[in-house]
Amino acid sequence: MPRSLWSGSLSFGLVNVPVALFSAARDTDVHFHQLHEPDGARIEVRRFCSKEDEEVAFEDIGHAYELDGGKTVVLTDAELAAVAPERTRTIEISSFVETASIDPILYDHPYWLLPTGESAGTKRAYRLLVEAMGSTDRVALGRFVLRTKEYLVAVRVRDGLLSLTTMVFPDEIRATKGIDTGARKPAKESLSQAVKLIEALGADFDPGKYKDEYTKRLKKVIKDKEKGGTIDVPEPDDEPAPAPDLLEALRASMAEIRKQR
Amino acid sequence: MAPRSLWNGTIAFGAVAVPVKLYSAVESKTVHFHEVHLKDGARIEHRPFCSKEGKEVDKDDVVRGFEVRSGTYVVLEKEEIDAAGGTRSRIIDVEAFVPLDQIDPIFYAKSYFLGARDEGADAFRLLHDALAETGRAAIGRFTFHKREYVVAIRAYDKVLALHTMRFADELVGRKDLDAPRAGAKPKPKERSLAEKLVESLSEDFRPGRLHDEYREAVLGAIRKKARSGKDIELPEEDEREEDGSDDLSAVLEASLA
């Protein structure tokens, strides 16, 4: 069972449900530690005052923000926490919107929300939310503050539980203006050949099929190194050049697929 | 001004090659602070110390090690870690085109945009239009900063969006959680009231209206402190509200009132 990252309450109208937050994604990355080469001991980072050249305790550290005029303002942890205290304890659902109207580019990290405590009233209210939300194709939008950052969140039902996904704010999505979008509209013939090719290479989305080959290779590199082997850095493959005749390339690709079947 | 690209490469499927440039899609606007010493306002420096000797060490003597067994590390050079990136660092090999609506957005991790390159601009537009027409995403492997990802590429406005994907075994499912037993079935009246409440709070998604109010509040507090030179008032500790009411129907009715 993963550890809960936050607990507070989910509020919906005047209904408050005590909940705890759990990450819905685990970290399967290979992590390295910093080591001191001469003796192989772990490195620890210590914080020093650049003026006094002395170590500083955590509670003596403030957060400095430089204003446009160059003036610096320092806030303490307590002052930062005082900015929006209520939002650090409650996820308030402000509206319900159609799931399909949210572009997934806004989604950030997935979590689960579980009811906390043994109270029958809490569990009943949680179940009521699951049932009322599960019967629509809408997601609930809300906000809350986790570790001094406010998140816009989308809450929906997955597997009979409430799933929460943090979102980036829409003004954090860059404009696509200035990015080259390619040439003129393709000829009908080319588009229909491209559609045919995409459909011929079509498959259902089967997430279990895709494995983390990178992590597998990295683990092998570590094993080889442990055995005292030398690690060769491979040369990158050349990029294929775009075909001079696109329509011809589409037709050749289709012919190749047909041959294989 | 044209945005700066982060990577150049080619999307390849069949005999088709689509040269692309990668751009970042998300720009965090979180308010960033520097750590300073409260006493004198001087910057905090992070210094590496050897945990055994208790002495500061030279940055050149810091290496990266992987802990194979408790306390036993295998040291790797940066180039050796990079070797795991493989040979396809400039090529996105498409494995399949899948219906976009089959991908639960929970799989999307980081997002980028792809734009055309001068050579093969026709191929870019054609791929964009064909993905839009079929409602499909290209699933392929993409290597960025010497690390390989599985990605989904889809039409987004007139450019392509590239999402790095989480692997199925990275997701924590219901069975991995110690979820408490389900509560009592809601009464029909509670359910209909709750559905009414969902209905009454329903609206169109208008992303332009959603601002980071916390970011604005933090910036406001900073400006206020800069102007007044006074510390920010701290609120009194208050008791956490308990949800005392067991009468869900009454609470729901009050919410709708």
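It should be emphasised that the depicted structure is a prediction, and the values quoted were computed from it without experimental measurement. In what follows, chains carry the letters A, B, and so on, assigned in the order in which the sequence lines appear, proteins first and then strands, with residues in each chain numbered from 1.
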Would you mind checking which part of [X] comes under 4.5 Å of any heavy atom in chain B, side chain (CB onward), backbone (N, CA, C, O), both or neither?
X: A:V56; value: side chain
X: A:L141; value: side chain
X: A:H31; value: backbone
X: A:V195; value: both
X: A:L106; value: side chain
X: A:A241; value: backbone
X: A:V145; value: side chain
X: A:R158; value: side chain
X: A:K51; value: both
X: A:L152; value: side chain
X: A:S101; value: both
X: A:V73; value: side chain
X: A:I102; value: both
X: A:K209; value: neither

Sort [X] into side chain, backbone, both or neither according to what part of it lies under 4.5 angstrom from a heavy atom of chain A.
X: B:R136; result: side chain
X: B:E195; result: both
X: B:I139; result: side chain
X: B:H163; result: side chain
X: B:V150; result: side chain
X: B:A184; result: both
X: B:P19; result: side chain
X: B:L131; result: both
X: B:E213; result: both
X: B:R206; result: neither
X: B:P180; result: side chain
X: B:F33; result: both
X: B:V98; result: both
X: B:Y149; result: neither

| B:D40, CG: over 12 other non-hydrogen atoms inside 6.0 angstrom | yes

| A:R46, CZ: over 12 other non-hydrogen atoms inside 6.0 angstrom | yes

| field | Closest-packed option against chain A by number of heavy-atom pairs under 4.5 Å, given B:V18, B:L114, B:D169 | value | B:D169

Check: [X] ring centroid to [Y] ring centroid under 6.0 Å:
X: B:F97; Y: B:F13; answer: yes
X: B:Y214; Y: A:F169; answer: no
X: A:F12; Y: A:F96; answer: yes

| said: At a heavy-atom distance under 4.5 Å, which candidate from A:S163, A:A41, A:S50 has the highest pair count against chain B? | reply: A:S50

| query | Highest number of heavy-atom pairs under 4.5 Å with chain B: which of A:C49, A:G13, A:G208, A:S190? | reply | A:C49

| For A:R47 and A:E55, what are the C-alpha separation, side-chain angles and deciding distance, and is it a salt bridge (Lys or Arg N to Asp or Glu O under 4.0 Å)? | CA-CA 6 Å; A:R47 288 167 171 76; A:E55 198 172 345; over 6 Å; no

| message | Tell me whether B:K225 contacts the main-chain N or O of A:V74 through its side chain, where contact means a donor paired with an acceptor under 3.5 Å. | response | yes

| Derivation of the salt bridge (Lys or Arg N to Asp or Glu O under 4.0 Å) call for A:E239 and B:R88 | CA-CA 9 Å; A:E239 277 177 70; B:R88 308 299 277 173; over 6 Å; no

| Which is it for A:H109 and A:T165 under the side chain to side chain donor-acceptor pair (under 3.5 Å) test, yes or no, and what are the steps along the way? | CA-CA 5 Å; A:H109 194 94; A:T165 305; over 6 Å; no

| field | Step-by-step ring pair (Phe, Tyr, Trp, His ring centres under 6.0 Å) determination, B:F113 to B:Y156 | value | CA-CA 8 Å; B:F113 292 136; B:Y156 178 94; 5.2 Å; yes

| message | Between B:H128 and A:T181, is there a side-chain donor-acceptor contact under 3.5 Å, judged purely by atom types and distance? | response | no

| Heavy-atom side-chain proximity of A:R26 to B:R166 below 4.5 angstrom | no

